[in-house]
Amino acid sequence: MDLSLYLPRLGDGLVLSLQLTAISVVLGYALGLVFALGVSSTNKLVRFPTLVVVEIGRGIPALVVLYIVYYGFPAIGILFENVLAAAIGLTFTAAAYSSEMIRAGLQSVPKGQLEAAAALGLHGRTAFGRVIFPQGIRSAIPGLMGLAIQSFQGTSLAYSISVNELMSQSYQVSTITFDYLAVYAITGLMYVAIAVPATWLSMGVEKRLARGYA
Amino acid sequence: MSVPSLTMSTEVPTAGVEISNISKSFGNHLVLDDISMAVTPGSVTALIGPSGSGKSTLLRCVNLLEKPDRGTITVGSQTIEAGSRVSDRDLLALRRQVGMVFQSFNLFPHFTVLRNIAFPQERILGRSREEAEERAMVLLDRVGLREKAGQHPGRCSGGQQQRIAIARALALDPRAMLFDEPTSALDPEVGVEVIAVMRELAETGMTMIVVTHEMQFAREVGDHLVVMADGHIIEEGIPAAVMADPREERTRRFLSAVLDR
């Protein structure tokens, strides 16, 4: 059987995987910032609940999160279509992991920066937005890029809730062609074709950031 | 055209600073014990003392980077009462009147030198970008660093960074300036550049409170010398007089230790 007939299907799967990655990274990192601020809050009523949510997100395997969202939530009347369930689950996991990287980045900004901003008379929100955040996020970037690559690979878990992403497509193709080795080898190479250049990019960015501001 | 003065603040007169009965504890440790001190407008007060004496904490109380537990701070016509809740507006109003220079410079590393000086003006005084950058260039000129405008602070030496930090504070037309060991992180030969800028600033009539170990600066530029130890002012007076003939044994010991370095 001519495997090339099925390459478009794998291509479609890859596109959906990339879309899921984009959604979970963009929304997940935005939510991660919110979590990072919550965990850094001086208000205990904000800090503790946020910390619990983050630790749950980091502690539960992404696959379990997907099952809870897709199979579990209907029991309490919350029903999601499978792609949406995957997007929500992966976003939550990305948020939990990224929040710790963002928090560490923000914390790495020297205390003197905030003091200088305060002494100049800048508003707290200006000091955060223009002084602390740009420096903190910069030191978190290498980790966040690595996490984005892991998130991309992690989209394969959505296969388990019947989302037609790359892994799911290749499983279906393999059951038609019975050419398991070739199909999964091609699938693996497709993940590699995205992940490896992304890793190179991330290393390049890291090297550039290490040179400092110029 | 005449050379612009370092402050160009003819419309913003310098202000006096009055510290009354300030106390401050960190946990159980009393760092400032009922300190009072008056700084007349346009004068230079040098604050000296061994480390842990509370001099930096006292300085940081003036612009409320540290919140005193008791006492009042007056800058110009604005008085802040410790203990009472200070509104954001009052806090920012106070800080806008008082410039501060730190031991570790604390320039914003992600901004160019020019943006470091222009950005706060735009945000705090509402100046246009052109106006703020023009003012920044004038000040950079005065501290001798015009050519650094487009670079990031990381490309500047410590002495250059500190002069830029002074320019950044002055750009907001402060009515008084606080210096927290401005040369302590610098090699002596570089500290000289910073001292020169501060000397010039003092000549323009800026009110200055300077925490320092630079005894020569304190003697030659200072109008008043305050010696602190263990959260108390143990001695104060005209700098040359205190240095020549300290009344307190502890002052004598501290002075000889600093002067022998």
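These figures come from a predicted structure and were not determined experimentally. Below, chains carry the letters A, B, ... as their sequence lines are ordered, and counting in each starts from 1.
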Open item on the list: Heavy atom to heavy atom, less than 4.5 Å: which residues from residues 81-115 of chain A reach chain B?
Closed with: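 Result: A:Gly112, A:Gln113, A:Glu115.
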N/O donor-acceptor pairs under 3.5 Å from side chains in residues 37-55 of chain A, not counting sequence neighbours:
from: A:Ser40; atom 1: OG; to: A:Ala36; atom 2: O; distance (Å): 2.7
from: A:Ser41; atom 1: OG; to: A:Asn43; atom 2: N; distance (Å): 2.9
from: A:Asn43; atom 1: OD1; to: A:Leu45; atom 2: N; distance (Å): 2.9
from: A:Arg47; atom 1: NH1; to: A:Ser41; atom 2: O; distance (Å): 3.0
from: A:Thr50; atom 1: OG1; to: A:Val46; atom 2: O; distance (Å): 2.5

- [ ] Please determine, among A:Pro134, A:Gly121, A:Gly212, the option with the most heavy-atom pairs under 4.5 Å with chain B.
- [x]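 Of the candidates given, the most pairs with chain B belong to A:Gly121.
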- [ ] Enumerate by number any residue of residues 103-111 of chain B whose heavy atoms lie under 4.5 Å from heavy atoms of chain A; in the absence of such residues, state 'none'.
- [x]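 Answer by number: B:Asn106, B:Leu107, B:Phe108, B:Pro109, B:His110, B:Phe111.
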Open item on the list: Test side-chain contact (heavy atoms from CB on, under 4.5 Å) on A:Leu120 and B:Arg95; report intermediate values, then the result.
Closed with: CA-CA 6 Å; A:Leu120 287 165; B:Arg95 287 177 175 167; over 6 Å; no
Task: Distance (rounded to the nearest 0.5 Å) between B:Asp88 CG and A:His123 NE2 - done: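 Answer rounded to 0.5 Å: 7.0 Å.
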Open item on the list: Does any backbone or side-chain atom of B:Val101 lie under 4.5 Å from a heavy atom of chain A? Answer side chain, backbone, both or neither.
Closed with: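 Neither; nothing under 4.5 Å.
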TODO: Show your reasoning for whether side-chain contact (heavy atoms from CB on, under 4.5 Å) applies to A:Leu122 and B:Phe119.
DONE: CA-CA 10 Å; A:Leu122 290 170; B:Phe119 171 72; 4.1 Å; yes
Task: Listed partners of B:Arg168 passing salt bridge (Lys or Arg N to Asp or Glu O under 4.0 Å), at least two apart - done: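 By the salt bridge (Lys or Arg N to Asp or Glu O under 4.0 Å) rule, B:Arg168 matches no residue at all.
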For atom [atom1] of [X], is the number of surrounding heavy atoms from other residues, nucleotides or ligands below 6.0 Å larger than 12?
{"X": "B:Arg70", "atom1": "CZ", "value": "no"}
{"X": "A:Tyr171", "atom1": "OH", "value": "no"}
{"X": "B:Arg155", "atom1": "CZ", "value": "no"}

Open item on the list: Looking only at heavy atoms and a cut-off of under 4.5 Å, which of B:Leu172, B:Ile124, B:Asn63 has the most pairs with chain A?
Closed with: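 The option with the most such pairs is B:Ile124.
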Task: Which portion of A:Arg130 sits near chain B, non-hydrogen atoms under 4.5 angstrom - done: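 It is both, since atoms from each part get that close.
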